[in-house]
Structure formats: C-alpha cells, structure tokens
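All chains are named by letter (A, B, ...) in the order of the sequence lines, taking the proteins before the strands, and each is independently numbered beginning at 1. Heavy-atom basis, side chains included; hydrogens, waters and symmetry copies ignored.
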2 protein chains.
Amino acid sequence: MPTPPKTSSSKIIAAARDLIGEPGLDELTMQAVAHRVGVRGPSLYKHFADRAALLREVETAVVADLEAVMIQVPPSLDDLSALRAIAAAYRTFAREHPATYSLIFGLHSGDAAAEQARRRALQPALQRLESYLGNREAAFIRARVLTSFLHGFVSMETAGAFRLGGDIEQAFQAGLALLLCDTARK
Amino acid sequence: MPTPPKTSSSKIIAAARDLIGEPGLDELTMQAVAHRVGVRGPSLYKHFADRAALLREVETAVVADLEAVMIQVPPSLDDLSALRAIAAAYRTFAREHPATYSLIFGLHSGDAAAEQARRRALQPALQRLESYLGNREAAFIRARVLTSFLHGFVSMETAGAFRLGGDIEQAFQAGLALLLCDTARK
DNA sequence: GTCTATAGCTAGATAGAC
DNA sequence: GTCTATCTAGCTATAGAC
C-alpha cells in the first residue's frame with residue numbers, strides 16, 4: 001500500500017512563506033568577480049578578508065555614485081526645479097543600474113562607511129527642501145516622504161511592476177507634484 | 001620575484017558592482033521547507049515540479065493575504081478614511097511579515113496567477129480613489145503614486161533605513177496627507 | 001599578489017524501493 | 001506519497017608553491 005500523506009501543497013506553501021528570510025545576492029560570487037578582473041577566485045582574498053567585506057565596500061561605492069549624479073544639479077536653479085532635477089537624476093540612476101541600485105537600501109549592512117555615504121548623499125536634497133519649505137523640521141519629514149516615493153517608484157519600475165499600461169512618466173510627475181506642493185509653508 | 005598584480009581593490013569592486021543580478025531568496029531551500037512540514041526534501045517534488053514552481057505559488061498566496069487585510073476596511077467609512085485605513089493595513093502587513101512582503105514586488109516571476117492576484121488586490125483601493133477623486137484616470141495615476149510611496153516607505157522601514165531619528169509615524173502620515181490631498185478634483 | 005589544489009559544505013534534483 | 005541514497009554542481013575559504 002502507498003505511504004500515507006504527511007503533508008500537502010498548501011502546508012508546503014505555508015511553510016515556505018514562514019521561511020523566507022533576507023534576499024541574498026546570489027549572482028555576486030567571488031569566482032564571478034574574480035573572472036571579471038582576470039584573476040582566479042582565491043586571489044581576491046588578498047584584497048578583501050571575505051565576501052562580506054567586499055560587499056560592504058561595494059555598498060559604499062554605490063551610494064557615492066548615486067550622490068555624484070544627484071549633485072550634478074546646477075546651483076543656479078530655483079529650489080523647486082532643483083528638487084525635480086534631483087529626483088530625475090535619482091530615477092535615471094536606478095533605471096540605468098537597477099541591480100546596483102537595489103544595494104542602497106537592500107543591504108543594510110550597518111557598515112559605518114556606507115551609512116556615512118548615505119547621510120552625505122541626502123544632504124544636498126535636504127538643504128534644497130529646507131530652503132524651499134522654510135522649515136528645517138518639515139524639510140526632514142518631507143525628505144523621508146520623497147525618498148520613500150522615489151525608492152518605491154524606481155523599485156517598482158525596475159521590477160516591471162507597472163503592468164497595467166498607462167503613462168508611467170505621467171505617474172512619476174504626478175507624484176512629484178503632490179509631494180513638492182508647498183503646503184507646509186505658513 | 002613576486003607575481004605582478006593583475007588587478008586591484010577598486011577594479012574588483014567595480015566588477016562586483018557590474019555583476020550584481022537579481023537578489024535571491026537564499027533561506028528558502030527545499031530542504032528547509034520540507035523540514036517545516038515534517039518530510040524529507042525529495043518528497044516536495046511530488047507536489048511541485050521544482051523550486052521555481054513552489055515560489056510562484058508562494059507569490060500568489062502572499063498577494064492574496066495582502067488583499068485580505070486591505071479588504072477589511074468597513075464600507076461605512078468615507079473615502080478618505082477608507083484610503084487611510086487601507087494604507088495603514090498595507091503598512092501593518094509589511095511590518096508583520098517583512099520578508100514575505102518583499103515577494104510581492106520582488107519576485108516579478110511573470111506568473112499569470114500572481115499577476116491576477118495583484119490586480120485583484122488593487123481593485124478596492126482603486127474604486128475608493130475613483131470615488132474620492134471623481135475621475136477614473138486620475139484615480140489610476142494616484143493609485144500608482146500611492147502604491148509607490150507605500151512600497152518605498154515600508155521597504156525602507158523594514159530594512160531599517162530610517163536611521164536619522166525623528167518620528168517615523170509622523171513621516172508616514174505626512175506622506176499620506178500629501179498624496180491624498182484632493183488637488184485633482186475640478 | 002598570483003596561482004593550483006583542495007577541503008568542506010550545501011544546494012537542487014533524480015532513481016528506485018516501499 | 002514517502003523514503004534513502006546518490007549525483008551533480010557550485011560556493012567560500014585555506015594551504016602552500018612561485
């Protein structure tokens with residue numbers, strides 16, 4: 001006679017869902033990196049203690065790159081135009097390097113250098129917001145809201161999550177318009 | 001004499017960044033799932049063809065769960081209150097099941113069932129938005145904007161990306177207030 | 001700093017008995 | 001439908017020669 005069932009598809013699915021942990025970066029293997037730079041895997045360990053150490057440095061470098069594109073905004077622009085330009089630069093960066101971008105908020109390694117890079121990258125936008133809103137605290141809150149929108153939008157966009165048609169560019173501009181409306185000014 | 005250098009730390013970092021592909025779900029191994037349901041690994045293959053097939057079903061189930069919590073909003077609520085409640089339910093779901101939540105926009109498997117589940121989950125919020133804004137097209141755009149904000153906010157929140165202090169709840173409410181202001185009504 | 005060789009591990013998936 | 005046994009494959013990391 002056949003062995004009695006111990007489980008079921010739905011039980012397996014439920015267990016799988018309980019099990020999901022942090023997503024990794026499977027493709028980034030030491031050997032693949034080594035091949036890219038023309039050496040063998042073990043040679044990398046003369047440069048970095050282990051894979052985690054390499055990842056920490058990558059994280060910091062990526063954030064610095066994002067800062068570099070956001071900082072390109074001409075100082076001559078008015079605040080609102082500058083904020084729009086920063087947002088556009090952010091989105092462009094994410095679209096051009098989607099997997100790389102995902103490290104910025106995806107690794108959360110707690111690395112001090114990466115954390116400092118993140119803080120530094122935020123600074124220009126924060127200053128513009130403060131000038132625009134005329135209120136330091138409001139600018140800080142708005143920065144969080146704007147960053148959330150930008151991160152969510154580009155994450156969905158690069159993941160191909162906008163699948164219902166329509167003008168995606170229009171949605172981006174509409175979101176910016178709502179979040180950059182100057183309602184906090186007294 | 002020592003072997004001449006073929007590479008450098010910065011080259012390695014650059015190569016690593018070029019290499020980053022899609023993040024995986026390392027912890028979700030077939031053996032771990034099997035152990036959870038009290039069987040051995042190979043038994044799972046009688047239920048699902050392979051790991052990818054299991055993941056597709058998990059994805060659909062997760063979206064259905066998110067829909068279930070968003071649908072709990074009482075019909076008696078006015079549109080604005082209902083939209084706030086839906087947003088709160090979304091955020092609560094992500095906070096309670098962060099890793100599970102990350103599958104919703106993270107897997108993009110192109111699975112038809114998952115796609116249909118996503119569409120279905122969006123429907124109630126979309127209807128409320130249409131009633132609130134009095135414009136079908138504006139509601140569709142606003143839904144994209146709101147979803148982007150929600151997804152970005154909860155992704156950052158669960159990743160621990162809000163590291164600069166301050167009231168995170170206040171930022172969430174501020175974002176909702178800006179995105180739910182009724183500026184599109186004629 | 002590079003290499004070869006290898007240890008040690010873990011994963012996905014299959015074969016065949018029951 | 002479950003099991004044991006096994007295959008294949010890939011990864012991190014180390015040892016030691018050059």
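Between the Thr158(B) side chain and the Val154(B) main chain, a donor and an acceptor come within less than 3.5 Å of each other.
Arg128(A) pairs by the salt bridge (charged side-chain N to carboxylate O under 4.0 Å, His left out) definition with Asp79(A), not counting sequence neighbours. For Glu130(A), the salt bridge (charged side-chain N to carboxylate O under 4.0 Å, His left out) partners are Arg136(A), not counting sequence neighbours.
Within 6.0 Å of the CZ atom in Arg163(B), the count of heavy atoms belonging to other residues, nucleotides or ligands exceeds 12.
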Let me have a per-nucleotide readout for nucleotides 2-14 of chain D, 5' to 3', with B, S or -, counting only protein heavy atoms under 4.0 Å. BBBB-----SBBB
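Here CZ of Phe149(B) is found 6.0 Å from CZ of Phe172(B). Values are rounded to the nearest 0.5 Å.
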